[in-house]
Structures are given as C-alpha cells and as structure tokens.
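Please read the structure below before turning to the comments.
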Amino acid sequence: MANRFRLRPITQLLLATMAMTAIVWILRGIGLLAFLPGIIIWLLLLSCFAIALFSSLQSTR
C-alpha cells in the first residue's frame with residue numbers, strides 16, 4: 001500500500017478557514033450574501049492570519 005500524504009490538523013483548519021473566507025467573499029461580492037456586514041469578512045481574514053501564524057510557529061518546534 002502506498003503511504004498517503006496527511007496534513008496536520010492545524011493545516012487542515014487553515015485550509016478550511018481560507019476556503020470559507022473565499023466562498024463568503026465571493027458570494028458577498030455577487031450579492032447573495034449582501035446582508036452580511038463587512039466585519040464578518042475582516043474577522044475571517046484575521047482568523048486566517050492568526051491560524052497561519054500559529055501553524056508556522058508550531059512547525060518551527
């Protein structure tokens with residue numbers, strides 16, 4: 001059996017957060033989620049940066 005490449009859980013969380021941010025941003029841009037305030041996108045972006053920073057700090061250990 002071939003070994004499958006597995007991502008760490010923190011990396012999976014980062015990718016999921018980035019995907020969710022991109023989806024919300026695109027849907028808000030085309031008007032489907034126009035009722036969401038802009039702070040939601042800022043919070044999602046901030047959480048992506050925080051998770052990326054935490055992930056990079058974890059990989060240096």
Side-chain angles (χ1 to χ4, degrees):
M1 287 186 117
N3 289 336
R4 292 186 182 232
F5 181 72
R6 296 222 14 139
L7 295 175
R8 296 180 316 175
I10 192 75
T11 306
Q12 290 176 351
L13 178 65
L14 176 62
L15 291 174
T17 307
M18 288 174 62
M20 185 173 53
T21 302
I23 290 169
V24 168
W25 195 346
I26 290 168
L27 290 177
R28 188 170 187 261
I30 61 175
L32 291 176
L33 294 178
F35 60 89
L36 285 178
I39 192 72
I40 301 296
I41 292 177
W42 282 109
L43 289 174
L44 285 169
L45 286 171
L46 192 68
S47 66
C48 285
F49 287 126
I51 294 170
L53 180 65
F54 183 73
S55 176
S56 66
L57 290 174
Q58 288 293 322
S59 67
T60 60
R61 291 185 177 187

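Predicted model, so just to flag it, every value in this text is computed and none were measured.
- Within the structure, the side-chain hydrogen bond (donor to acceptor under 3.5 Å, both in side chains) test picks out the following pairs touching residues 5-18 (sequence neighbours left out): Arg8-Ser55.
- Applying the under-4.5 Å side-chain rule to Ile, Leu, Val, Met, Phe, Trp and Tyr, the cluster around Leu14 extends to Ile10, Leu13, Met18, Ile51, Phe54.
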Acceptor/donor pairs from residues 25-46 side chains to any protein atom, 3.5 angstrom cut, sequence neighbours excluded:
from: Arg28; atom 1: NE; to: Leu36; atom 2: O; distance (Å): 2.8
from: Arg28; atom 1: NH2; to: Leu36; atom 2: O; distance (Å): 3.2

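- The other residues sharing a hydrophobic cluster with Leu53 are Leu57, where clustering joins ILVMFWY side chains under 4.5 Å apart.
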